[in-house]
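Reviewing the structure listed below.
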Amino acid sequence: LGVLREYCEKHPTEDLSLQKAAGIVGLERTSFCTYFHDKVGVCFHDWLALQRIENAENLMRSRDYPISHVAFMAGFHSVSAFQRNYKRLRGITPSEYKKRVRPV
């Protein structure tokens with residue numbers, strides 16, 4: 001799975017489908033889903049969202065970009081998808097996180 005993480009780091013804004021991810025690691029799609037969940041403990045889509053959220057958090061800590069800019073730079077295709085995934089996986093909004101790490 002290291003090759004998949006590396007791919008995500010090199011191509012953060014590229015659309016990464018389940019089929020493409022399976023191909024990167026050399027498995028069929030259905031085998032990949034089971035294998036991935038067994039090894040990582042979450043489904044591929046949640047893992048990918050978490051990778052992108054970590055990227056977004058790094059951006060928010062290091063730069064004062066607008067949330068919309070951070071969302072697209074981190075690989076989300078819409079601000080609403082970023083906000084929804086962030087809230088679901090972190091329990092706070094991206095704006096709340098940004099205020100914590102970059103107080104005015």
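Computed over heavy atoms, backbone and side chain alike; hydrogens, waters and symmetry mates excluded.
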Would you give me the side-chain donor-acceptor pairs under 3.5 Å for residues 38-45, sequence neighbours excluded?
none

(message) Could you report the tightest heavy-atom contact between Ala74 and Asn55, atom names first, then the distance?
(response) CA-ND2, 3.6 Å
(message) For a quick test of reading the model, state the closest non-hydrogen atom pair linking Pro94 to Met60 and the distance between them.
(response) O-SD, 3.7 Å
(request) Please tell me if the side chains of Glu57 and Tyr86 come closer than 4.5 Å, counting only heavy atoms from C-beta onward. (result) yes
(request) Please report the closest heavy-atom contact between Arg52 and Leu16, naming both atoms and the distance. (result) NH2-N, 4.1 Å
(message) Would you say that Leu4 contacts Phe32 through its side chain, given a criterion of any heavy-atom pair below 4.5 Å between the two side chains?
(response) yes
(request) Could you go through the side-chain hydrogen bond (donor to acceptor under 3.5 Å, both in side chains) check for Thr93 and Glu96 one step at a time? (result) CA-CA 5 Å; Thr93 66; Glu96 290 170 318; 3.3 Å; yes
(request) Indicate if Ile67 and Leu89 have the same hydrophobic cluster label, given that clusters are the connected sets of ILVMFWY residues with side-chain heavy-atom separations under 4.5 angstrom. (result) yes
(message) Using a 6.0 Å cut-off, check whether atom CD of Glu54 has over 12 heavy atoms from anything other than its own residue.
(response) yes
(message) Taking the side chain as everything from C-beta on, heavy atoms only, tell me whether Asp46 gets closer than 4.5 Å to Arg88.
(response) yes
(message) Enumerate the side-chain hydrogen bond (donor to acceptor under 3.5 Å, both in side chains) contacts for residues 71-83, please, sequence neighbours excluded, ordered by first and then second residue.
(response) Ser78-Ser80
(request) Step through the shown structure and confirm whether more than 12 heavy atoms of other residues, nucleotides or ligands are within 6.0 Å of CZ on Arg29. (result) no
(message) If you define the side chain from C-beta out and look only at heavy atoms, does anything of Val25 sit under 4.5 Å from Tyr35?
(response) no
(message) Are the side chains of His69 and Arg63 in contact, using a 4.5 Å heavy-atom criterion?
(response) no
(message) If you define the side chain from C-beta out and look only at heavy atoms, does anything of Arg102 sit under 4.5 Å from Asp64?
(response) yes
(request) Answer whether the closest heavy-atom distance between the side chains of Tyr65 and Lys98 falls below 4.5 Å. (result) no
Contacts table for residues 17-24: side-chain donor-acceptor under 3.5 angstrom, sequence neighbours left out:
from	atom 1	to	atom 2	distance (Å)
Ser17	OG	Lys20	N	3.0
Lys20	NZ	Tyr7	OH	3.0
Lys20	NZ	Glu14	OE2	2.5

(message) Tell me whether Leu50 shares a hydrophobic cluster with Leu1, the cluster being built from Ile, Leu, Val, Met, Phe, Trp, Tyr side chains joined at under 4.5 Å.
(response) no
(request) Write down the atom of Thr13, the atom of Phe72, and the distance for their closest heavy-atom approach. (result) CG2-O, 3.4 Å
(request) Indicate, with yes or no, if Val79 and Ile53 share a hydrophobic cluster defined by side-chain heavy-atom contacts under 4.5 Å among Ile, Leu, Val, Met, Phe, Trp and Tyr. (result) no
(request) Check whether Leu48 and Met73 end up in the same hydrophobic cluster, where Ile, Leu, Val, Met, Phe, Trp and Tyr are linked by side-chain heavy atoms less than 4.5 Å apart. (result) no
(request) Look at the rings of Phe76 and Phe82 and say which category their plane angle falls in: under 30° parallel, 30 to 60° tilted, over 60° perpendicular. (result) tilted
